[in-house]
Student: 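First, the structure itself, so that you have it in front of you.
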Amino acid sequence: MTTRFHPGLGEAAQGFLSRQHQLLIGGRMVESDSGRRTDILDPATGDVIATAAEASASDVDRAVEAARRAFEGPWSKTTPSERTRMMLRFATLIEANADELAELECINSGKPLVFCRNGDVVGIAEMLRYMAGWTTKMGGQTPDVSLPGEWHAYTLREPVGVVGQIIPWNFPLNMAMWKIAPALATGCTVVLKPSEQTPLTALRLGELALEAGIPPGVLNIVTGFGDPVGAAIAAHPGVDKVAFTGSGVTGRRIVQAASGNLKRVSLELGGKSPVIVFPDANLEAAAAGVCSSIFFHAGQICAAGSRLYVHERAYDQVLDAIARRANSIKLGHGMESGTEMGPVISRRQLERVTGYIRRGQEEGATLFAGGGPVGERGFFVRPTVLTDVKPGMAVHDEEIFGPVLCAMSFNDNDLDRISTTANDTTYGLAASVWTSNVGVAHKMARRLQAGIVNVNALSSPDAALPYGGYKQSGWGRERGYDAIEMYTEVKAVAINLNV
Ligand code: ADP
């Protein structure tokens with residue numbers, strides 16, 4: 001195999017890429033049963049940068065057994081404060097290896113290095129520290145009961161058990177940590193399956209977890225394809241909960257597979273999030289926010305603001321500002337300084353996104369900015385703005401997961417009607433409102449059917465804020481205390497004191 005690395009990569013990242021990557025099971029790196037390997041690409045060049053082990057269902061069996069042993073063995077005997085200390089050490093090790101992790105994330109996901117370093121790596125250390133705080137604080141309650149006689153009743157919050165976690169390719173580090181951190185905090189053990197396209201940083205996290213003293217078998221990492229690896233995790237009778245982030249189609253498959261043992265299921269399935277700009281908003285800030293929301297990481301964000309509604313009075317000004325910004329975004333390799341937007345993840349994704357742009361135009365939308373692929377190498381798509389978009393068009397109704405903004409205007413002051421239009425989607429992940437009227441902001445926040453509403457902001461990536469969707473955007477919430485609840489069972493204990 002010939003691998004080609006970007007020359008800007010540091011020694012640590014190059015050393016990691018050159019390794020023969022295996023599966024992490026029971027605290028050891030082991031070969032997959034099949035011995036097969038998958039090429040891992042740099043999406044900015046299409047070059048192979050590493051290969052990863054391709055697991056099969058029997059490897060999942062081994063990982064689930066290791067996770068069960070760790071759950072019933074050393075991990076369940078740790079005190080909450082011991083788990084906190086291990087998680088804090090894990091966070092410190094992440095920071096100590098920040099450059100390597102950021103470079104690996106950049107080279108494999110395509111996201112500019114500066115975002116990987118200052119956003120993703122910083123964010124996952126924060127997530128660990130936030131969840132490590134809950135470990136010593138989450139306990140049960142002592143409700144007063146009204147049963148006849150005298151009773152002492154209380155609740156216990158217990159770990160749900162062995163958790164299967166299946167994550168996508170857009171934010172490999174963040175998606176892994178959003179799932180690993182609450183599992184560790186609550187005393188669960190994990191079988192994590194990263195995307196077959198971006199397994200590298202998860203493997204490195206697994207090593208750092210061991211170095212931090214987290215016992216073998218608590219965090220197992222099985223690389224490979226959705227079918228068979230993800231499917232085996234979702235169906236496995238030894239897995240107590242499955243947490244998934246990805247497409248709705250795969251989410252539905254996971255729900256079906258999970259029904260065998262009725263394992264707990266949480267799903268984060270993307271969106272078609274509205275951005276509503278009122279004429280009293282700071283319009284320059286709104287235009288900048290809209291662009292960041294849809295063009296950051298080439299639109300490969302579940303919560304991307306992909307449907308824009310601007311009041312008629314502000315429409316021309318906002319759209320011109322957006323087009324100016326879209327046309328000036330610097331595309332390039334994430335390792336090059338000055339790069340503002342990288343590629344999409346794969347040729348398949350490039351074709352999917354450009355297919356939507358074509359279909360949008362065929363269905364009557366106007367190409368206002370961008371459009372189509374760029375360059376000979378890698379998987380780059382121009383930041384694109386479509387106007388004259390209407391409900392019923394594929395670009396309006398479906399998640400594109402690329403840098404494609406669908407812009408529409410409204411001429412209405414009735415917040416009920418505006419929110420009805422914004423809510424006209426099967427999704428309900430995020431929404432963003434731009435206004436200087438605090439009453440409008442709060443009223444819209446109540447009317448919008450979305451798990452996250454940002455006002456005068458494009459996103460709010462804080463570990464304390466729950467993240468998840470209404471409607472077909474998923475089940476459950478990650479981040480915040482809600483994530484702790486998702487990884488625990490509540491047990492009611494009632495003691496009759498008169499016997
Ligand atoms: P995409 O098609 O964009 O890769 P998916 O939702 O299919 O999005 O992928 C998200 C994650 O789900 C990946 O880790 C993928 O391997 C996994 N996956 C795909 N198919 C299945 C499946 N049938 N069961 C479980 N996991 C799957």
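Throughout, numbering of the chain's residues begins at 1 and tracks the sequence. Both counts, for ligands and for their atoms, begin at 1 and track the order of listing.
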Student: Is a side-chain N or O of Lys193 found less than 3.5 angstrom from the main chain of Ile167, in a donor-acceptor match?
Tutor: no

Student: Please write down residue, atom name and distance for the protein heavy atom closest to atom 24 (N) of ligand 1.
Tutor: Ala231 N, 3.4 Å

Student: Using the test side chain to side chain donor-acceptor pair (under 3.5 Å), find all partners of Thr201 that sit at least two apart in sequence or belong to another chain.
Tutor: Glu105

Student: Just checking, any donor-acceptor pair under 3.5 angstrom between side chains of Ser32 and Asp59?
Tutor: no

Student: Based purely on interatomic distance, does Ile166 place a nitrogen or oxygen under 3.5 Å from a nitrogen or oxygen of ligand 1?
Tutor: no

Student: Hey, is ligand 1 close enough to Phe244 that some N/O pair sits below 3.5 Å?
Tutor: no

Student: Does a donor on one side chain and an acceptor on the other come within less than 3.5 Å for Gln197 and Arg348?
Tutor: no

Student: Nearest to atom 3 (O) of ligand 1, what protein heavy atom do you find, and at what distance?
Tutor: Trp169 NE1, 3.2 Å

Student: Answer with side chain, backbone, both or neither: which part of Ile254 has a heavy atom less than 4.0 angstrom from an atom of ligand 1?
Tutor: side chain

Student: Among protein heavy atoms, which lies nearest atom 21 (C) of ligand 1, and at what distance?
Tutor: Thr250 CG2, 3.3 Å

Student: Under a plain distance cut-off of 3.5 Å, with no hydrogens placed, do Asp424 and His396 share a side-chain donor-acceptor pair?
Tutor: no

Student: Does only the side chain of Ser247 get under 4.0 Å from ligand 1, or the backbone, or both, or neither? Count heavy atoms.
Tutor: both

Student: Can you list the residues that meet the side chain to side chain donor-acceptor pair (under 3.5 Å) rule with Tyr356, with sequence neighbours excluded?
Tutor: Glu398

Student: Would you call Gln300 a ligand 1 contact, heavy-atom distance under 4.0 Å?
Tutor: no

Student: Using a 4.0 Å heavy-atom cut-off, which part of Gln256 comes near ligand 1: side chain, backbone, both, or neither?
Tutor: neither

Student: Do any nitrogen or oxygen atoms of Glu196 come within less than 3.5 Å of a nitrogen or oxygen of ligand 1?
Tutor: yes

Student: With a 4.0 Å cut-off on heavy atoms, does Ser195 reach ligand 1?
Tutor: yes

Student: Quick one about Asn454 and Ser460 (side-chain donor to acceptor, distance below 3.5 Å, no hydrogens or angles considered), yes or no?
Tutor: yes

Student: Heavy atoms of the protein only: does one fall short of 4.0 Å from atom 9 (O) of ligand 1?
Tutor: no

Student: Do Asn261 and His236 get their side chains close enough for a donor-acceptor pair, meaning under 3.5 Å?
Tutor: no

Student: Decide whether the shortest distance between a heavy atom of Phe401 and an atom of ligand 1 is less than 4.0 Å.
Tutor: no

Student: Is the closest N or O pair between Lys193 and ligand 1 shorter than 3.5 Å?
Tutor: yes

Student: Within the 3.5 Å criterion, strictly below it, is a donor on Arg83 or Thr135 matched to an acceptor on the partner's side chain?
Tutor: no

Student: Please tell me whether Lys471 and Thr426 have a donor and an acceptor in their side chains that are separated by less than 3.5 angstrom.
Tutor: no

Student: Please determine if Arg253 has a nitrogen or oxygen closer than 3.5 Å to a nitrogen or oxygen of ligand 1.
Tutor: no

